[in-house]
Amino acid sequence: MDTGLKGRVAIVAGSSSGIGKATAMAFAAEGANLALCARRQTELDQVAGDARSRFGVETFTQAFDVGDPAGVRSFVEATHKQFGRVDVCVPNAGGPPAKPFLDTTLDDWERTWQLNLRSAIIFSQAVLPHMQQQHWGRIVTLTSYTVKQPVPELVLSNTIRAGVMGLVRSLAGQFGRDGITVNNVGPGFTSTEP
C-alpha cells in the first residue's frame, strides 16, 4: 500500500528511544526522510544511521531539549533548509512523572507544560507556514489514553495532555482548508527499552 510518504520529510521529536524512535523508523520504512531531535546526540545518530542503512532515507539530527522554544524554532528552520520542505511533524516528548496531586510542585507543572504542551504549540507554529505554502502537511501529537480516561496518579499527564487535545481540535478546524491534517494518537502502557 502506498501511504504517500515516500520522499516526504518527517520531523519526529523525542526520537532517540521508545515510541519516538519507533515512530521515526515507521516513517523511514515508508520512505520518508527524517529530521530527528532529542536530548542525546549519540542515540539520535544511532537511530539515524539505522534508518539510512535499513531504508535508504536521508536524515538530519539535532540534540536539544524541546522545552526550549528557540531550540524548536531553530530545528524546524534547519530542517527546512536541509530538505527544502517540512511535511510531517510529530511533536513528541516523554511523559511527566506519576504523582498524587498534593505531591506535585509548581516546578512539576511548569516542566510538564514546557515539554508536553508548549513544545507542541511551538512546533506547530514553526511548521504550519511551511505546510501552508505546500498546501499539504500532517501534524500528529502523541499523548496518552488518559485523555479519555484519567488515571488518578497521572494528574500531570491527565491535565496537560487534555490541553494538547484542545490544541489538536483547534488546529484541525483552522488548517484543514490548507490541506493540513492535525491528529492525535493516544497510546496506553507501552513496553519500550529501558
Hey, which of Arg40, Gln41, Lys21 is the one that makes side-chain hydrogen bond (donor to acceptor under 3.5 Å, both in side chains) with Ser16?
Arg40
Can you check whether Gln125 reaches Ile122 side chain to side chain, under 4.5 Å on heavy atoms?
yes
Validation row: Ser17, Glu43 side chains within 4.5 angstrom (heavy atoms):
no
Among the clusters formed by ILVMFWY side chains lying less than 4.5 Å apart, do Trp109 and Leu102 turn up in the same one?
yes
Do we get Arg85 above Trp136's six-membered ring, with its NZ or CZ under 6.0 Å from the centre and within 45° of the axis?
no
With hydrophobic residues grouped by side-chain heavy-atom distances under 4.5 Å, do Phe83 and Leu128 end up in a single group?
yes
Please check: side-chain N/O of Asn92 versus main-chain N/O of Ala13, any donor-acceptor pairing under 3.5 Å?
yes
Between Pro96 and Thr112, what is the shortest heavy-atom contact and its length?
CB-OG1, 3.4 Å
Using modelled atom types and a 3.5 Å cut-off, is there a donor and acceptor pairing between side-chain atoms of Arg118 and backbone atoms of Gly67?
yes
Return the CZ to CG distance between Arg8 and Leu34, rounded to the nearest 0.5 Å.
14.5 Å
Would you say the side-chain atoms of Asn116 pair up with the backbone N or O of Gly94, donor to acceptor, closer than 3.5 Å?
yes
ILVMFWY cluster, Ile121 and Val66 together (side-chain gap under 4.5 Å)
yes
Provide the closest heavy-atom pair for Val47 versus Ser15 in the form atom of the first, atom of the second, distance.
CG2-O, 3.6 Å
Backbone N or O of Phe101 within a donor-acceptor pair of the Thr104 side chain at under 3.5 Å?
yes
Applying side chain to side chain contact (heavy atoms under 4.5 Å, CB included) to Val76 and His130, what does each step give before you reach the verdict?
CA-CA 10 Å; Val76 170; His130 298 299; 4.2 Å; yes
Evaluate the criterion side chain to side chain contact (heavy atoms under 4.5 Å, CB included) for residue pair Val90 and Phe27; output intermediate values, then yes/no.
CA-CA 11 Å; Val90 183; Phe27 278 117; 3.8 Å; yes
Between Lys99 and Val155, the two heavy atoms sitting closest are O-CG1, 3.6 Å
Would you mind reporting whether Met131 and Phe175 have side-chain heavy atoms less than 4.5 Å apart?
no
Can you tell if the side chain of Thr59 reaches within under 4.5 Å of the side chain of Asn33, non-hydrogen atoms only?
no
May I have the step-by-step check of side chain to side chain donor-acceptor pair (under 3.5 Å) for Asp108 and Thr105, ending in yes or no?
CA-CA 5 Å; Asp108 291 333; Thr105 67; 3.3 Å; yes
Shortest non-hydrogen separation from Ala93 to Arg161 and the atoms involved
O-NH2, 4.4 Å
Asn158 side chain to Leu154 main-chain N or O, any donor-acceptor pair under 3.5 Å?
yes
Should we say atom CZ of Arg39 is surrounded by more than 12 heavy atoms from elsewhere, each under 6.0 Å from it?
no
When you measure from the side chain of Gln134 to the backbone of Val86, do you find a donor-acceptor pair of N or O atoms at a distance under 3.5 Å?
yes
When rounded to the nearest 0.5 Å, the distance separating OG1 of Thr23 from CE of Met25 is 11.5 Å
Side-chain heavy atoms nearer than 4.5 Å, only ILVMFWY residues, links allowed to pass through others: does that put Leu156 and Ile19 together?
no
What distance separates Gln62 CD from Leu36 CG, expressed to the nearest 0.5 Å?
11.5 Å
Please check if the side chain of Ser53 supplies one atom and the backbone of Asp50 the other of a donor-acceptor pair under 3.5 Å.
yes
Evaluation steps, side chain to side chain contact (heavy atoms under 4.5 Å, CB included), between Leu171 and Ser124:
CA-CA 9 Å; Leu171 297 182; Ser124 298; 3.7 Å; yes
Please tell me if the side chains of Val88 and Ile11 come closer than 4.5 Å, counting only heavy atoms from C-beta onward.
no
Only one of Thr141, Ile139, Val140 forms a side chain to side chain contact (heavy atoms under 4.5 Å, CB included) with Val168, so which one is it?
Thr141
CG of Asp87 to CD1 of Ile180, rounded to nearest 0.5 Å, is 10.5 Å
Indicate the atoms forming the closest heavy-atom contact of Val57 with Ala51, along with that distance.
CG2-O, 3.8 Å
First locate atom CD1 of Ile160, then atom CD of Gln114, and finally report the distance between them rounded to the nearest 0.5 Å.
10.5 Å
Going hydrophobic residue to hydrophobic residue with side-chain gaps under 4.5 angstrom, can you get from Val72 over to Val127?
yes
Atom of Asp178, atom of Gln132 and distance for their closest heavy-atom approach
OD2-NE2, 3.1 Å
Check against side chain to side chain contact (heavy atoms under 4.5 Å, CB included), Asp65 and Leu115:
CA-CA 8 Å; Asp65 188 322; Leu115 286 179; 3.5 Å; yes
For Phe75 and Phe123, take the angle between the two ring planes, folded into 0 to 90°, and tell me which bin it lands in: parallel under 30, tilted 30 to 60, perpendicular over 60.
perpendicular
